[in-house]
Each structure stands twice: as structure tokens, then as C-alpha cells.
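Notes for the one structure printed next.
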Amino acid sequence: MFKYLLKRTFQMVFVLFIVSVIVFTMTSVIGNPVYNMLPQKATDQQIQEVVVMLGLDKPLYVQYWIFLKNAIRGEFGRSYTHFVPALGLIVSKFPATIEIVIVAMGLTILLGISLGVLAGARPKSKISKLIMFGSLAGISLPSFFMGMVYIFVFAVSLRWLPVSGRGEIGTILGIRTSLATLDGWRHIILPSMTLALLNIATIIRLVRAGMMEVMRQDFIKFARSKGVAARKVLYGHALKNILIPVVTIFGLQLGELIAFTTITETIFAWPGMGKLLIDSITNLDRPIISAYLLFVAILFVVINFVVDILYTFIDPRIDLNS
Amino acid sequence: MEERNKVLEVKNLKTWFHTFKGVVKAVDDVSFELYEKEILGIVGESGGGKSITGFSIINMIDEPGIIETGEILFEGRNIVRLSEGEMNKIRGKKISMIFQDPMTSLNPVYTIGKQLEEILILHESLSKKERRNRCIELLKAVGISNAEKRLKNYPHEFSGGMRQRVVIAIALASNPKIIIADEPTTALDVTIQAQILRLMKKLVRENNCALILITHDLAVIAEMADRVNVMYCGKIVESGYTRDIIFHHLHPYTQGLIGSIPGTDTEKKRLTTIEGVVPNMFDLPKGCKFAPRCAYRQPVCFEEEPEIRDFGDNHRAACFFPVREGAV
Ligand SMILES: Nc1ncnc2c1ncn2[C@@H]1O[C@H](COP(=O)(O)OP(=O)(O)O)[C@@H](O)[C@H]1O
Ligand SMILES: [Mg+2]
């Protein structure tokens, strides 16, 4: 195990190094922030001052070295538009994003697995066919469209839920989040549903296919012949055998949601990281974009690592060292 | 004959599969009884309905199959139409099953300790400590050394023979009245086969349990069973005491099965196999199902289906022209 952890840590550092090179290259090549920061009529002298201030006059490798040193310390410079440290800004938006992601992933686990198991256990039943039809719709319809449909139906027509915004914010364990208040929850539901729909549909299909496969196995028949009740056969014996692909996809979905809630946050005017990213791209706010990309890279690497560790808990035959 | 008690009686059981292509009469009007502490063999070629007979007894027939008619009398009641909940009190507790492939009948993601314990949790009221002790005792009984340590192992850490021992331990855990073993040694090496069969015989005797031993291998039956049902195309074509079936068989199909055991034919050194193939289950012949392959067939065999007849001393056969070869 220790050997594995060491190897894995080395791998992660290597991946992050590559990502940092890419991020640096991209952000120093695309666009020139200087012109965005200065008025149209700025003199050459003023432009030169800003270039020196941002360190853009130094050779690229020196710029990269400075970038890397600062990045390791969590310093990506101040946002060109908000004038506060970039990473701090991202971190301050993190709770808003993570709260809709958590609810979305909760919905995904709950509905994706239970409906998938149901559909896989009795593939010929009416309810199963209905679930499959629903999941096909969930996969086919773009989520931004569904987000607008939800707004129209639940917020505008029925007036059950608010149209946009984050709602009232409370404190849980010292973190300021809308999950702490009822009004917050009312605001969270629609964006979370928008985020979750595609994921639920994907997990349903994955779980169903796995269940149909595994239910034919002898060990399922053997469990039934022991007198294990149908429900326990499904959730106790069958489900654990199909969790490997489910956890893999779930990990990817989680990373993707945290990183790219942009569209949903835009539709619902949700003040999270996704909205920050979109705004920063429009303003060519380099420090934020690079901090964001590295942040996301770390997130993916960590989630991947956790997923790999989970594998060994799910399936004892998996040996991480090989 | 000593007075013996029936533990199970199957009457006119019909288990059919309603598929797209038509109806498969996997088990068609099968009747037999099982006595206490007896080993009853069910033998026949693959596809004859042996496994489906076994699954019918514990009511584990999946769609598109259904038990059409028939009674299965166990402990004084007909268990064919019991609810799943009622059935789950019988499965594993009173009637347990052992399957063909020990490599696949244990759940790969749970330790064998957990899988053994599960059946005890379901059917026995023991404390945690008592359960653990019983698990160890069971593993020892099936000849697994170092039982305490082995409880923590996963199925993939055992060999095929060892896994089948674990499966047997699970089947025995609740002291069932009946064990149904479906080809329990078919997937194992020949040397291990003999060990496992001997173990099963010993344990069944010690635990006063009756065994239904399903196999396509008459040699196994000869070794193990007290009585035998010979099945062909969903029907019992002959039944009787093992020695009668082996030495005084009446049905040409039984004769064919015996002819195909290597080394039992003393006169001819050649191995005979039954000519032809098992008929298509969707399109069974009209009269006797075996007639097309039978060496003794007569025109009537294609017209009428022979009823099962009693030939005395529990020996029954369904044939118009029973073979008398070797009869006393
Ligand atoms: N799920 C099913 N659908 C259709 N036919 C089936 C199904 N299961 C079994 N059968 C049919 O039932 C017959 C008896 O099967 P089985 O009891 O497994 O035979 P055996 O155990 O004697 O080899 C076979 O002809 C098989 O094709
Ligand atoms: Mg079979």
C-alpha cells in the first residue's frame, strides 16, 4: 500500500506539472491582457509600464518559473478585474458551486441507482420501460434547455420555486452555504436538477446494464436459494458487483460538475465558480483562468485517486500494485 | 422393507417455459417422492429438465417459466403457491441448494465468512459469538483447515474444490431437511470429484438430511444414490433402486446411458453412445419422446406415449417394450 501511495503521488505531481505547463502556455499566448486593462487612448509609455508590472517583458521560461513558484504558494496574482487574489476569489465562490453539485450528485446516487436497479431487476416490466424512456429523454435533451423548462414550469408558471439567485445563506460548520436555510434549499432545487438530469440518466443505464448481467450469475441464484429476500439480493449481492464502472463514471461526473457548472450557473444567475470562469474568460482575466484550470486539474487528480482507492473496497480482487 | 417417512412428494409437476418460439415443457408431469435420509439421484442427458425440477422444488423458476400445475408436498403442505416471504423461510433453512460451478456460486465481493454468516443470520437466532463458532465448526466439518483464518478470505483465494466445500458448508449451515445438489462435481477435477462426493455422502448421513443429487453422470449415481430417477425430455422415464437401475434397467434410454459409462461394460469393450440427439424441445415427437433414437422401437411408439408402469419393488418405467437384458 505504501509503495502504491508513493507511486501514485509521484504520478499526480507529474500530471500537475504537465497541466501547469499547458495552462501557462495557453494563458501567455491567448490574447493580451494589457489592452484590456488600459483605456483605448493609452500611450506607449503607459503600456510599457503595465507590461513591466505584469512581468510580461521577461523571457518565457523565466515567466514560467515565476508562475510555477507562485502557483505552488497558491499565488496566481490579483484578478485584473476584481483586484483581489485570484485563488482567494475562486475559493470564495467554491461553496456556492459545491452546494448545487452536492445536491445534484445526491440526486444522481439516489435516483440513478434505485431506478437503475429497478429497471435492471425486471427489464420486461412496464415501470422498467418507462424508466428507460425517461433516461433516454434525459440523455438526449440538453441540460440548458431543461434548465429553462424547469424555470418556466416550476418558477414562472407554478410559482413554486424562485427563478434565480442563491437565496438566504446560513452557516454549517463555519461554512456559509444556502444548504443551511429553507429558502436556500428552495433556490438550490432547480439548478441541481438541471445539473443532475444527464448524470441520473447515464447512471440509470449503467446500473441497469450491469444488473441485467449480474442477475444471471450463479451466485445470485445461490443467494436466493439461501433464502435471502429479493430486495437484499438486489442491493446486497448484485449491486456491489456492478459498482466499479458506476464509481468510475460517478467520479468523472463529480469532477465535471464542479469544474463546469458554467451553463447552469449562468441560467440561474448562481454566483459560483462557473459564473466566475465565464466572466473571467470574457475579460481575459488571466490569473483567474490559470488558477481555475490548475484548481480543476488538482480536483480531477484527487477524485481519480479516491476512485482508485474505492475500487479496492468494492472488489477484493483488485490489486492496486499491479 | 423398513418403514420410511417421506420428506418430499412431488405430484404431477409441470414447469413450462413460454418463450417467443413456443412452449418448452421443461418438466412435464413429473411425480416422485423423497424419503428421509435418502440420496435420490436424478440422471439424464443435458436439457432433460433435471435442473428445472430442482429449481421448481424451491420455487425459483424465472420468467418466462412457470409452474403450471402440480403439487410439492413438504412438511404436510403444498409449497407450490407459497408467497416469496414464506418460501424464503424454507429456502436455505429447510431445503438448500448446491450448484454446479463453485467458481461462480459464491459472491466474489464478500468474504466467505460473511456469506456463511448470512445464512445463519437469516435462519438461526444466534449471538455474534455463537455464529462465529458455528462458522468455524462448519468449515472444519467440510475439511477446511485453519478455519478461523479462512473466514476472512474471499472466494478467489480458494481453489475450486475448496470453494465447493464452502458452498457445502453454507448449504448445511441450517441443518436442512433436504439438499438439492445440481451437478455438484461436474466442474471439478476427477480426483477432487471423488473427495467432494465422499464428503457430501458423509455429511448428509451425519446430519440426517436427504439429498437430491442431479447429474448427467451415471457413474456418480452408482457411487452415491439409493434410488434414481432417469429423466428424458422433461419426463421421468424410469425410476427405482440404484442396483435395479444399473443391473436390471427396463428403459432403452437407461440402457443407453449405462452403455456410455466407460468401463462398466464387461462383455463389449467398446463404448456405446446413444444414437441421435436430444429432440428439439419446441417440437417433441408425438409418441414416446425417445422413440426416434430407440433400438427397440415399434410403430406404436410413434403413436402413443407410454404411461409409467410399476414393475414391483419401487421399480417403474415408461416403455411399451422394456428391455429385459440381465433381468433376474
Ligand atoms: N429460461 C429458460 N427459457 C426457456 N427454456 C428454458 C429456460 N431454462 C431452461 N429451459 C429449457 O428447459 C429444459 C430443461 O432444462 P434443464 O432443467 O436445465 O436441463 P438439465 O438440467 O437436465 O440439463 C431445456 O430444454 C432448456 O432449454
Ligand atoms: Mg442442469
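Naming: A, B, ... by sequence-line order, numbering from 1 per chain.
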Answer with side chain, backbone, both or neither: which region of A:Val214 has an atom nearer than 4.5 Å to a non-hydrogen atom of chain B?
neither
Determine whether more than 12 heavy atoms belonging to other residues, nucleotides or ligands lie under 6.0 Å from atom NZ of B:Lys114.
no
Where is the tightest heavy-atom contact between A:Phe222 and B:Ser105, given as atom of each residue plus distance?
CD2-O, 3.0 Å
Within 6.0 angstrom of B:Glu63 CD, more than 12 heavy atoms from elsewhere
no
Rounded to the nearest 0.5 Å, what separation is found between the CD atom of B:Glu157 and the CZ atom of A:Arg317?
11.0 Å
Output the option from B:Val167, B:Ile90, B:Ile58 having the highest count of non-hydrogen pairs under 4.5 Å with chain A.
B:Val167
In sequence, state the C-alpha distance, the side-chain angles, and the governing distance for B:Asn88 and A:Val228, and then conclude on side chain to side chain contact (heavy atoms under 4.5 Å, CB included).
CA-CA 7 Å; B:Asn88 279 336; A:Val228 180; over 6 Å; no
What option among B:Gly85, B:Gly92, B:Pro108 has the most heavy-atom pairs under 4.5 Å with chain A?
B:Pro108
Shortest non-hydrogen contact from B:Asp101 toward A:Asp218:
CB-OD2, 4.1 Å
Okay, B:Leu106 and chain A: the region with an atom under 4.5 Å from a heavy atom over there is both
Only distances under 3.5 Å count here; give the side-chain donor-acceptor pairs of residues 241-252 of chain A to other protein atoms, sequence neighbours excluded, each with its distance to 0.1 Å.
unit_1   : atom_1 : unit_2   : atom_2 : d
A:Asn241 : ND2    : A:His237 : O      : 2.8
A:Asn241 : ND2    : B:Asn107 : OD1    : 2.7
A:Thr248 : OG1    : A:Ile244 : O      : 2.7
A:Thr248 : OG1    : A:Tyr311 : OH     : 2.5

Is chain B contacted by the side chain of A:Lys221, its backbone, both, or neither, given a heavy-atom distance below 4.5 Å?
both
A:Pro316 and B:Tyr154: which non-hydrogen atoms are nearest, and at how many Å?
CG-CD2, 3.1 Å
Can you check salt bridge (charged side-chain N to carboxylate O under 4.0 Å, His left out) on A:Lys226 and B:Glu118, steps first, answer last?
CA-CA 9 Å; A:Lys226 281 158 77 174; B:Glu118 182 177 37; 2.9 Å; yes
Any non-hydrogen side-chain atom of A:Met215 less than 4.5 Å from a side-chain atom of B:Asp62?
no
For the NZ atom on B:Lys201, are there more than 12 heavy atoms of other groups (residues, nucleotides or ligands in this structure) within a distance under 6.0 Å?
yes
Look at atom OH of A:Tyr235 and say whether more than 12 heavy atoms of other residues, nucleotides or ligands are closer to it than 6.0 Å.
yes
Looking at B:Ile119, B:Asn59, B:Ile98, B:Thr111, which has the largest count of heavy-atom pairs under 4.5 Å with chain A?
B:Ile119
Check whether B:Tyr110 reaches the backbone of A:Gly236 with its side chain - one donor and one acceptor, N or O, closer than 3.5 Å.
yes
Portion of A:Ile220 that has a non-hydrogen atom of chain B nearer than 4.5 angstrom:
neither
CZ of A:Arg8: more than 12 outside heavy atoms within 6.0 angstrom?
yes
Could you check whether atom NZ of B:Lys177 has more than 12 heavy atoms from other residues, nucleotides or ligands sitting under 6.0 Å from it?
no
Minimum-distance pair of heavy atoms, taken over all atoms of B:Met60 and A:Ser225
SD-N, 3.7 Å
